[in-house]
Amino acid sequence: MSSQRLILLAIGLFLLTAVDSFPQSASPAQQIAAHASQAQQFLKNNRPDLAAREYAAIVALDANNLEAHTNLGVLFYFNADYAKAAPQLRAALKLRPDLWKIEALLGMAEKRLGQIAEATADLEKAFAKIDEQKLKIESGMQLIEIYYASHDLDKAAAVVSVLRQIKPTDPDILYAAHKIYADQADETMLSLAMASPESPRMRQMMGDELARQGNIEGAIRNYRDALKADPHLPGVHFRLAEMLNNSSGPTDRKAAEKEYMAALVDDPRDAKSETRLGEIAFGRSDLKGASAHFSKAVELQPDDPDANLGLAKTLMSMQDPKKAAPYLERAAKLDPYNAAIHFRLASLYRETGRAADADREIAEFKRLRAMKDKLTQVYHEMRLKPGKQEEDVK
């Protein structure tokens, strides 16, 4: 069966039942059936051009023939003859408005013809109704292009969010998401700069942007300026602590601990700050303090992989691998791409006599480390500093 035939069947077209003969005295109904039969044969022989001629003949005999308009419109569409496809697809929809796949094709044809208002209306209606994955993605991407061109970033973001749920690893969808979200960030930064350039939130945003660029000193300076203006600005103590914690100086590390504690004063349910304090305590071999902080973090946020990992490694250091196992296994489910978790799982399984499981985890650890090395090179080429991707695996 030809690829054109498969396309037609995939979008649910209506092919008429074949007949064996076409007598000269045939009625209009018989002529229509004969043209339909001939069209099917041409499609089997991979001659969509001749099939289109047969469907055109049916339309000439019966202007309200849904199947002929539908098939003819689709054939023109997949032959990239959008000017001829659009009227046929529109005629089919007039006869039956709930043909959502046909409406999607019509919208995409209209977009290619520069009929943007019509394309937007048709694609919006179709996108909300289509279930077939490939066509939903294609129509969604076309809709994103329309929204992006008109700078309607909120609508573009809403569509790309749906597409990411359908196909989370698709490079085209991910690139579209990156472009939209980056533009939204730039737009909001500009809006805030114009509305309140000296506000604490502006300083916080500048700190966030500098942190993203790997400019730790600049980020620290702006976070501190934000806190001078508003000592209890939500989230800033933690962000400042993160920058100080990533700094190389021991004085900054000590200051980071104070900022994490300040963040907890403002928000006692800040699981991330509890986790970081647990890491600091663990780093100074204060296992009791680490256990307390990590336990509190897990209590506050059971689905935080860092908190589960921290508590697990603390319990392992306290020689309690059986108690550590469920936390470490939960961390692996929550963050399957964290190489450090797999490394520690391998150690735990080896210690508890699960050699096969240990071998599996060490293989995964090596695979993820190799992947991380490649990503590090990408970040280097982009002149960006990656964030904290994994724990020390010593």
Side-chain angles (χ1 to χ4, degrees), residues 1-113 115 118-143:
M1 187 175 290
S2 71
S3 59
Q4 288 283 355
R5 175 69 168 157
L6 287 172
I7 290 171
L8 296 177
L9 291 177
I11 65 170
L13 300 184
F14 308 96
L15 296 177
L16 298 176
T17 305
V19 297
D20 296 327
S21 61
F22 185 11
Q24 293 181 353
S25 60
S27 67
Q30 290 174 319
Q31 293 180 52
I32 288 172
H35 283 301
S37 176
Q38 188 64 64
Q40 290 183 64
Q41 189 60 48
F42 284 139
L43 287 173
K44 289 178 182 178
N45 294 334
N46 199 25
R47 292 300 305 273
D49 55 327
L50 297 180
R53 187 177 65 186
E54 297 299 322
Y55 289 125
I58 295 174
V59 169
L61 288 166
D62 180 6
N64 292 321
N65 191 293
L66 174 63
E67 293 84 355
H69 281 300
T70 301
N71 294 337
L72 188 56
V74 171
L75 286 171
F76 283 140
Y77 180 89
F78 284 104
N79 196 41
D81 193 342
Y82 305 117
K84 290 183 180 178
Q88 300 299 330
L89 297 171
R90 199 173 290 117
L93 283 170
K94 187 176 181 180
L95 293 166
R96 184 172 166 184
D98 64 346
L99 296 176
W100 307 117
K101 295 175 184 179
I102 295 303
E103 186 150 23
L105 291 185
L106 174 59
M108 291 188 285
E110 290 167 333
K111 178 178 176 292
R112 289 176 171 89
L113 292 170
Q115 301 167 4
E118 294 85 348
T120 304
D122 285 320
L123 285 171
E124 285 177 341
K125 285 193 290 184
F127 183 75
K129 298 290 186 178
I130 297 171
D131 293 324
E132 196 274 316
Q133 184 181 103
K134 186 175 181 180
L135 190 58
K136 192 174 186 75
I137 290 174
E138 185 178 354
S139 59
M141 292 296 286
Q142 295 295 315
L143 198 51

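Residues: numbered from 1 along the sequence shown.
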Inset, instruction - Write down the atom of Asn65, the atom of Ile32, and the distance for their closest heavy-atom approach. - result: ND2-CG2, 3.9 Å

Inset, instruction - State yes or no: are the ring centers of Phe76 and Tyr82 separated by less than 6.0 Å? - result: no

Inset, instruction - List the atom of Leu61, the atom of Pro28, and the distance in Å for their closest heavy-atom pair. - result: CD1-O, 4.5 Å

Inset, instruction - Without swapping roles, check the side chain of Lys136 against the backbone of Phe127 for a donor-acceptor pair under 3.5 Å. - result: yes

Legend entry - Contact summary for Ser139 and Ala104, nearest pair of heavy atoms: CB-CB, 4.2 Å

Legend entry - From Tyr55 atom OH to Thr70 atom OG1, the distance as rounded to the nearest 0.5 Å: 10.0 Å

Legend entry - Gln115 side chain vs Glu118 backbone, donor-acceptor pair below 3.5 Å: no

Inset, instruction - Go through the structure and list residues passing salt bridge (charged side-chain N to carboxylate O under 4.0 Å, His left out) with Lys125, not counting sequence neighbours. - result: Glu103

Inset, instruction - Check side chain to side chain contact (heavy atoms under 4.5 Å, CB included) between Gln142 and all other residues, then give those that pass, not counting sequence neighbours. - result: Met108, Lys111, Arg112, Leu123, Glu145

Inset, instruction - Please round to the nearest 0.5 Å and tell me the distance separating atom CG of Asp122 and atom CH2 of Trp100. - result: 10.0 Å

Legend entry - Closest approach of Ala68 to Val59 (non-hydrogen atoms, all atoms of both residues): CB-CG2, 3.8 Å

Legend entry - Side chain to side chain, Gln41 and Glu54, heavy atoms closer than 4.5 Å: no

Inset, instruction - Would you name the heavy atoms of Gly73 and Ala85 that are closest together and state the gap between them? - result: O-CB, 3.4 Å

Inset, instruction - Verify the neighbour count for atom CG of Asp131: are there more than 12 heavy atoms of other residues, nucleotides or ligands below 6.0 Å? - result: no

Legend entry - Pairwise distance CG(Leu50) to CG(Asn45) - rounded to 0.5 angstrom: 9.0 Å

Legend entry - For Ala86 against Leu113, the heavy-atom pair lying closest together: CB-CD1, 4.1 Å

Legend entry - Residues that Arg53 engages under salt bridge (charged side-chain N to carboxylate O under 4.0 Å, His left out), provided they are two or more places apart: none

Inset, instruction - Check whether any side-chain heavy atom of Arg96 lies under 4.5 Å from a side-chain heavy atom of Ile102, and answer yes or no. - result: no

Legend entry - Spatial distance of atom CD (Glu67) from atom CG (Leu95) [nearest 0.5 Å]: 9.5 Å

Legend entry - Test item: Asn79 side-chain N/O and Leu75 main-chain N/O as donor-acceptor pair under 3.5 Å: no

Inset, instruction - Compare all side-chain heavy atoms of Leu66 with those of Leu99 and state whether any distance is below 4.5 angstrom. - result: yes

